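Reviewing the structure listed below.
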Amino acid sequence: MPSRTGSHSPTGIGKSIPERGLLLLMVLVLLEGSVLPLGAASSPDISHQKNVDNHKVEDEKYNHTKKAFPVLDLDYHHIQTPFEISLWVLLASVMKLGFHMIPRLPGIVPESCLLITVGLLVGGLIKLAGEKVPPVLDSQLFFLCLLPPIILDAGYFLPIRPFMENLGTILMFAVVGTLWNAFFIGGLLYAVCQIQPANPSELHQLEILPCLLFGSIISAVDPVAVLAVFEEIHINELLHILVFGESLLNDAVTVVLYHLFEEYSAAGTVTVLDGFLGIISFLVVSLGGILVGAIYGILTAFTSRFTSHTRVIEPLFVFVYSYMAYLSAEMFHLSGIMALIACGAVMRPYVEANISHKSHTTIKYFLKMWSSVSETLIFIFLGVATVDGPHHWNWTFVTVTVILCLVSRVIGVVGLTCVINKFRIVKLTTKDQFIVAYGGMRGAIAFSLGFLLKKEQFPMREMFLTAIITVIFFTVFVQGMTIKPLVELLAVKKKQEAKRSINEEIHTQFLDHLLTGIEDICGHYGHHHWKDKLNRFNKKYVKKCLIAGERSKEPQLIAFYHKMEMKQAIDLVESGGGVNLPSAVPSTVSMQNIQPKKPPPAKPEEKALPKMSKGREEEIRKILRSNLQRTRQRLRSYNRHTLVADPYEDGFNEFLIKKQKMFELEKKIKDMHNYLTVPAAPPDSPTMCRARLASGRCTDFRPAQQQRGNKISPDPVAYSMKPAVDSVPTIQVDLASPQSPDSVNLMDEFRRADQQEEDQGLMMKPPSGQSGPNRPGEADRGREQQKLTRCLSDPGPSADEEEEEEPFLP
Amino acid sequence: MRPDAPRGTAAMGASQTRNEHKYHDLADKSGFSLEQIENLYKRFQQLSDNEETISREQLDSIPSLANNPIKKQIVEAFFDKRNQHHNEVGSCGEIGFEQFLMVMSHFRPPSLKTTEEEKETMRKVKLRFLFNMHDTDNDGIITLVEYRKVVEELLSKSGNIEQEAAKAIADAAMLEVASTNVPHMAPDDFYEGITFEHFEQILKGLEMESRMHIRFLDVDTPTLRCGKSTS
């Protein structure tokens with residue numbers, strides 16, 4: 001016991017009351033529990049605690065051998081570590097939640113600033129409570145747990161096209177810029193420390209190599225901080241990718257410089273050979289990282305080829321392989337960040353073609369969730385660590401560091417842009433340069449690297465840490481808070497929110513081919529030529545190996561079209577069929593309007609039918625059915641561990657909510673009722689379906705899309721067919737008891753009914769009640785309704801996804 | 001390496017002085033630098049076997065073009081009189097170096113000094129070039145049939161894609177144009193096709209002025225030249 005409290009003595013508050021009972025100890029531990037870090041395993045504190053624990057247990061054994069059987073026991077130590085981890089995560093999530101509740105605050109202060117403030121408060125509270133502040137941001141925890149999700153998220157969703165188009169510029173900033181920053185800051189810092197010989201201070205002991213080490217730590221732009229700020233200011237794609245790409249790729253430089261200077265400051269001397277080895281090491285670290293990442297990426301893609309029977313674990317492969325890539329790279333001291341980026345970027349196109357739509361959504365949400373929790377935790381820990389850290393405030397050193405950081409960043413960016421602009425087609429303007437320079441945030445990576453330094457080797461470690469924290473706070477608070485107003489003041493181009501239209505896609509491809517062709521005619525092999533070569537190689541060999549089935553042969557344009565088709569079918573259903581909702585701009589353009597005067601034989605009926613016609617209704621039916629068939633095929637392949645039950649849950653909950661809204665729409669839709677009673681036509685060939693689908697994109701689609709654009713869709717989940725069914729009195733829809741036991745029987749009944757019609761494939765539970773197939777027509781309608789529900793329930797959140805969303809299409 | 005290489009350079013040396021004056025005119029007209037014109041001229045001679053004019057077959061036989069799905073349109077664009085800024089229509093059988101250069105000038109990148117208005121003009125010119133590639137019958141409208149043709153060509157090298165798919169894509173695209181530009185249409189109205197204004201409208205987001213460019217060589221880099229197959 002005394003030794004236990006002894007560990008608290010650094011906090012200054014004596015707690016050596018020896019006769020504290022077990023319960024009191026537990027309370028204390030509980031208090032401390034909210035304090036101890038995620039990475040408790042790595043901290044020396046924990047082993048100590050375990051000892052205490054053991055002692056305690058032994059004590060109990062000897063003292064209370066005849067104790068009555070404990071009815072209620074308290075054993076906090078048993079669950080301590082996971083409990084504390086959960087507490088931290090909970091704190092982070094609640095904080096994130098809370099900020100968006102406060103009105104107007106998120107608009108002014110970036111989230112990162114608020115989180116650091118929370119961290120400071122929490123740290124302060126812990127200190128006030130007299131506890132030892134845990135080493136929350138220790139390097140093990142940071143580099144192995146908190147950083148990878150953020151980087152994987154960035155790598156997986158990296159916009160490849162702009163990234164590759166600007167790769168030269170990004171590399172220039174990341175490699176040359178970081179080198180410049182490191183040496184400029186390190187060198188000048190050393191010079192400043194040597195001034196004032198008359199007034200000998202502690203700074204004079206500082207040698208050149210520790211200074212350079214410090215420079216290399218502080219010079220790297222931090223991806224976490226950059227992401228946090230840039231996601232809020234919605235800057236245009238070019239600037240975003242420049243700053244963000246730089247922050248990702250400078251990792252290799254930082255790793256090498258860090259290890260180099262750490263090594264040398266131990267040795268004390270540097271030779272030319274060492275410098276040469278440093279350059280080699282840089283190449284090995286960066287290219288090795290990319291290679292490791294690419295290998296794991298290809299492995300992931302290859303594995304995902306065979307997951308069609310166990311869809312549930314698909315997302316896991318993505319996460320585990322990526323993490324393995326990161327760890328493997330770290331094992332060899334290669335750049336883990338580059339490995340993760342390469343892994344994510346390589347695997348994505350192939351994995352997305354292989355996995356199901358739901359898995360894709362899962363991956364997306366998991367990545368976003370993890371990365372946002374990690375980010376939140378990192379910023380909170382940064383605040384906690386600030387309170388905790390053994391600080392050594394030296395005015396000269398800190399001020400000079402902050403100023404040098406700013407100056408070297410500005411000089412670096414301006415100087416490099418001069419060179420880069422000679423080669424760039426789209427030149428970087430002064431405004432762009434300013435934003436790139438100003439967006440150079442420093443963050444937790446620098447802090448963690450500083451934390452890694454050993455006190456014995458670097459006596460100035462505490463001063464370094466203080467300076468690093470100051471720089472981080474300066475960039476995150478001052479620059480982070482002012483960058484948004486500045487962007488608006490300078491009228492820097494913002495990101496276009498518009499979605500990609502099919503015309504743009506066609507012309508992007510057209511342009512690619514055109515430029516390749518012109519280059520070929522010009523007779524020199526430019527970017528487009530090599531890109532074309534690579535594309536063809538990819539299509540010919542790589543896709544065949546890594547993508548299962550027919551999709552490997554699918555050209556990009558068709559894939560895009562399918563994606564769009566799917567999205568529009570979903571929109572169509574959700575927006576309420578043919579009903580133009582009042583807020584939407586009604587567009588009355590339909591296929592008939594663009595058809596040539598002589599309609600092609602493939603679809604004569606549309607021409608013949610009036611507006612809002614059976615023809616259109618037919619199209620809707622077609623879309624729904626073709627999607628249903630696909631859905632069904634997918635569901636069939638699930639085994640008992642999979643998501644067969646899924647439609648019952650999310651589908652029905654959704655359905656219940658929707659039903660409420662349905663009644664409001666009912667009046668408007670009554671006319672649709674007639675069309676629904678028309679029995680379904682026999683299914684067409686897939687080709688025909690597709691053709692029809694195309695022509696079905698009439699009035700119905702436009703409003704849906706425009707609504708989404710306006711973001712004020714009043715009733716996004718509404719669809720029209722359902723109330724039409726409701727209005728038929730013979731069908732009793734009792735939605736209130738979807739879980740009632742007799743629904744199982746009904747399911748069976750329906751299954752029988754299903755067998756009669758090949759086209760059926762429903763996992764959706766039918767509404768309980770007397771909805772059995774009374775009359776053939778009725779049954780048909782009932783099933784029609786289910787199809788709709790199924791359709792609605794299946795695509796899940798995809799309807800309002802961003803453009804990277806790729807609806808599942810088998 | 002190539003048997004005709006020394007001959008080509010010798011001819012160049014002679015023509016260089018002879019054409020010095022002519023180059024200046026062309027530079028003014030097309031906006032290329034003298035160096036770029038020289039490089040393009042070398043290429044032109046290479047393609048035309050040192051003739052004054054170049055024919056469709058000669059462009060067609062460029063080996064690296066063989067895999068380009070829209071090869072036909074590209075070659076056709078060179079012989080399209082509309083791309084020569086002369087307000088003429090139709091196509092010519094053979095083109096000289098000047099015409100070749102004028103077509104190439106559509107692919108010049110904007111520079112830092114380009115003003116906003118110049119950029120706007122540049123965008124229009126580039127878009128007009130694309131538009132002309134689609135509008136094969138030169139009636140100022142890309143009809144559905146023409147658009148379908150474009151998509152079909154675009155997909156033509158991607159294996160056996162059904163005609164239906166290409167048609168469906170073109171139809172969807174056309175419908176998109178129609179509903180963005182003419183949102184209100186009676187059921188029996190007829191959207192004839194994409195006019196240039198509509199074309200501009202739908203490709204607004206693509207930033208043509210900066211994207212539709214290739215790098216023209218400023219310095220002579222013979223290693224990068226792709227040899228035309230010389231038998």
Side-chain angles (χ1 to χ4, degrees), chain A residues 421 425-427 496 498 500-504 506-511 513-529 532 536 539 553 555 557-558 561 564-565 585-597 602 610-611 687-688 690-691 693-695 697-698 702, chain B residues 40 43 46 59 62 64-65 67-71 74 104 107 109 112 130 143-145 150-151 154-155 158-159 161-162 164-165 167-169 171-179 182-191 202-203 205-206 210-217 221 224-226 228:
Chain A
N421 264 352
I425 296 294
V426 186
K427 313 284 186 203
Q496 306 161 319
R500 198 148 209 178
S501 69
I502 180 120
N503 281 295
E504 288 184 1
I506 291 176
H507 280 91
T508 309
Q509 300 224 356
F510 193 84
L511 202 61
H513 289 302
L514 175 63
L515 295 179
T516 314
I518 297 293
E519 270 190 359
D520 289 338
I521 289 180
C522 270
H524 59 85
Y525 296 151
H527 297 184
H528 300 284
H529 181 90
D532 190 59
R536 216 170 297 138
K539 209 177 330 179
K553 295 192 201 86
L557 189 58
I558 299 213
Y561 176 64
M564 199 185 75
E565 197 177 47
V585 186
S587 160
T588 51
V589 186
S590 73
M591 206 55 204
Q592 315 159 29
N593 297 118
I594 66 160
Q595 285 296 330
K597 288 296 183 204
K611 185 172 162 254
T687 326
M688 276 299 285
R690 195 168 296 157
L693 218 49
S695 49
R697 196 165 304 96
C698 319
R702 296 319 311 171
Chain B
L40 284 172
R43 179 63 180 169
Q46 206 180 24
L59 284 186
I62 298 173
S64 44
L65 262 186
N67 278 320
N68 204 316
I70 55 167
K71 170 177 155 186
I74 295 175
M104 282 297 179
F107 296 92
L112 193 57
L130 278 184
T143 60
L144 186 59
V145 180
V150 172
V151 178
L154 205 53
L155 291 172
S158 330
I161 300 305
E162 320 97 273
E164 286 291 342
K167 210 181 246 175
I169 291 174
D171 290 0
M174 198 65 165
L175 198 62
E176 193 185 81
V177 184
S179 44
V182 198
H184 298 278
M185 268 190 147
D188 41 358
D189 280 351
F190 176 56
Y191 185 75
I202 52 167
L203 298 184
L206 280 187
S210 52
R211 278 182 76 170
M212 189 167 147
H213 74 262
I214 66 165
R215 277 162 204 276
F216 291 98
L217 295 177
T221 41
L224 280 177
R225 311 207 131 249
C226 99
K228 185 185 168 235

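From a predicted model like this one, the values you see are computed outputs, not experimental measurements. All chains are named by letter (A, B, ...) in the order of the sequence lines, taking the proteins before the strands, and each is independently numbered beginning at 1.
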Minimum heavy-atom distance between [X] and [Y], given as atom pair plus value:
X        : Y        : result
B:Met104 : A:Ile521 : CE-CG2, 3.7 Å
A:Phe510 : B:Leu154 : CA-CD1, 3.9 Å
A:Ile506 : B:Ala173 : CD1-CB, 3.8 Å

Could you list the residues that satisfy side chain to side chain donor-acceptor pair (under 3.5 Å) with B:Asn68, not counting sequence neighbours?
none

Using 0.5 Å steps for rounding, measure from the CG atom of A:Leu514 to the CG atom of B:Leu130.
6.5 Å

Contact part of B:Leu65 toward chain A, heavy-atom cut-off under 4.5 Å: side chain, backbone, both or neither?
both

Which of A:Leu511, A:Ile518, A:Asp532 touches chain B most, by non-hydrogen pairs under 4.5 Å
A:Ile518

